[in-house]
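Written below as structure tokens is the structure these notes are about.
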Number of protein chains: 2
Amino acid sequence: MERIPKRQRHQQLSRLLEENPFLTDRELTRQLKVSIQTIRLDRLELAIPELRERLKLMAERSYDSVRSLPLHEVIGDILDLQLDKSGISLFEISDEHVFSRSGIARGHHVFAQANSLAVAVINDEIALTASADIRFIRPARLGEKCIAKAYVRASGEQKGKAKVEVFTYVGEEMVFQGNFIIYRSAGESKT
Amino acid sequence: MERIPKRQRHQQLSRLLEENPFLTDRELTRQLKVSIQTIRLDRLELAIPELRERLKLMAERSYDSVRSLPLHEVIGDILDLQLDKSGISLFEISDEHVFSRSGIARGHHVFAQANSLAVAVINDEIALTASADIRFIRPARLGEKCIAKAYVRASGEQKGKAKVEVFTYVGEEMVFQGNFIIYRSAGESKT
DNA sequence: CTTCTTTTGGCACCAGGTATTAAAGGCTAT
DNA sequence: ATAGCCTTTAATACCTGGTGCCAAAAGAAG
């Protein structure tokens, strides 16, 4: 009668702290009806740090997520980039990108990856999207890794406009395709 | 020689903690070369809470910002919505939306506002962007307020596809125009 | 009954403080 | 210089939310 409760209690404890990480051990004793020592042994076994450590970790996370906001410059991680030729980026669909009802990615995130890549692949001081023609072929879902491949079809170094085609895949399946026209500041920086 | 330093020290202390809120009083002692009691009097005067309180506040902030992330469902504030007819939303271009070099909004943010609105205006359980044809007419800049207006051209309640046209303005000027084809779940839940 | 795991309890100790009282240093006005 | 005042430093008691360690009690299992 005391064998099973331990694992159950561990689950309850984990759940409680997931719901509200601000609970002290003392408050947990009230909820779980065991002594404070038991709570502490449990945390030890489950490798759950003490309240103050939890708060510190949360504070640190939010602190450097603010600091790393400039990374927001490009949506997705650039895996390969050949300026004025082609580029590849990876973007993983996570909670904040999907409709919570359906787990399907909101279109503008998939678009954002493609658009970022299309702009990044253009070798110029200033590159802006002028227009685009896009198709969402099948929905991208929570947890899926989207690989976008961009190809510069006409770099238009004189004309001031480049044509970039982007295909986004999840595994073998194409989920998105887009044709972008990118303004460029008329042929400058050659790296 | 001890009159001015107090205010200076207060400024330095504020600055240090702004740069790094994770400093203990003891560490501040080392940086400011005064006793720990002075640091504590200073914090008292400046109404700066102790380290642990600071961490807790940061953790709480990040915690309920996570909780309020579902607000992220729609990019921009919906000002008016007539389901299956039209909608208006407002989106203000701020730092995190622009290229830091030029202060020009990245296209996918302007697109996201339009796309969100086009999806929101469709009165159905599930609505997904199928394809779009978009044009960035002139760049939107830091601080500008973008008003997007969406009009449902063909609601296609039978066909399962709706056509939505979106125009985005800054003041009188049009900055973006897009034609969206939106999948709708045709009266019932269809994946 | 003995043995093992699990649960409690108690105590010392720690960080990072608060709160309070007191003393010392310095500056100014009378 | 002497008193009055602000500022700084010091000392002490106390608090929270723990860790670490040891020992005892309570079941469960052989």
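Chain letters run A, B, ... following the sequence lines, proteins first, then strands; residues in each count from 1.
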> When the distance from CD of B/E45 to P of C/dT18 is rounded to whole Å, what number comes out?
Replying inline: 14 Å

>> Checking contacts here: which listed nucleotide (D/dT9, D/dT7, D/dG18) is nearest the side-chain heavy atoms of B/L41?
In response: D/dT9

> Are B/R106 and B/E96 ion-paired here, with the side-chain N under 4.0 Å from a carboxylate O?
Replying inline: no

>> Any base atoms under 4.0 Å from A/I36, or only sugar-phosphate, or nothing? Heavy atoms, all strands.
In response: nothing

>> What is the distance, to the nearest angstrom, from the CG atom on B/D25 to the C1' atom on C/dG16?
In response: 8 Å

>> If you compare every side-chain N and O of A/R9 against the phosphate oxygens of C/dT7 (OP1, OP2), does one of them come in below 4.0 Å?
In response: yes

>> Can you identify which nucleotide, out of C/dG16, D/dT8, D/dT19, has its nearest atom closest to the A/E50 side chain?
In response: D/dT19

> Below 3.5 Å, does any donor atom in the side chain of B/R52 face an acceptor in the base of C/dG17, or the other way round?
Replying inline: no

> Does a distance-only test, which skips hydrogens and angles, find a donor-acceptor pair under 3.5 Å between the side chain of A/Q37 and the base of C/dG9?
Replying inline: yes

>> Taking any heavy-atom pair under 4.0 Å as a contact, classify B/R26: base, sugar-phosphate, or nothing.
In response: nothing

>> Check the phosphate of C/dT8 against A/T38, side-chain N and O only, distance under 4.0 Å to OP1 or OP2. Yes or no?
In response: yes

> Nearest-Å distance, NZ (A/K33) to P (C/dT8)?
Replying inline: 12 Å

> Within this structure, what is the CG-to-P distance between A/L51 and D/dT19, rounded to whole angstrom?
Replying inline: 10 Å

> Any cation-pi pair here, A/K149 with A/Y169, using under 6.0 Å and within 45°?
Replying inline: yes

> Between C/dG17, C/dT8, D/dT9, which nucleotide gets closest to the side-chain atoms of B/V34?
Replying inline: D/dT9

>> Rounded to whole Å, how long is the line connecting atom CG of A/L23 with atom C1' of D/dT16?
In response: 16 Å

>> At less than 4.0 Å, is any side-chain N or O atom of A/R43 found next to OP1 or OP2 of D/dT19? Yes or no.
In response: yes

> Honestly, is B/R135 close enough over B/F176, meaning NZ or CZ under 6.0 Å from the six-membered ring centre and within 45° of the axis?
Replying inline: no

>> Quick one: does any side-chain atom of A/Q113 pair with a main-chain N or O of A/C146 as donor and acceptor, under 3.5 Å?
In response: yes

>> What's the closest nucleotide to the side chain of B/S35 if the choices are C/dT7, C/dG17, D/dT9?
In response: D/dT9

> Rounded to whole angstroms, how far apart are CD on B/Q8 and P on D/dT7?
Replying inline: 15 Å

> Rounded to the nearest Å, what distance is computed from the NE2 atom of residue A/H10 to the C1' atom of nucleotide C/dT5?
Replying inline: 13 Å

> What is the distance, rounded to the nearest whole Å, between atom CD of A/E53 and atom C1' of C/dG16?
Replying inline: 13 Å

> Does A/R43 come within less than 4.0 Å of A/E53, counting only side-chain N to carboxylate O?
Replying inline: no

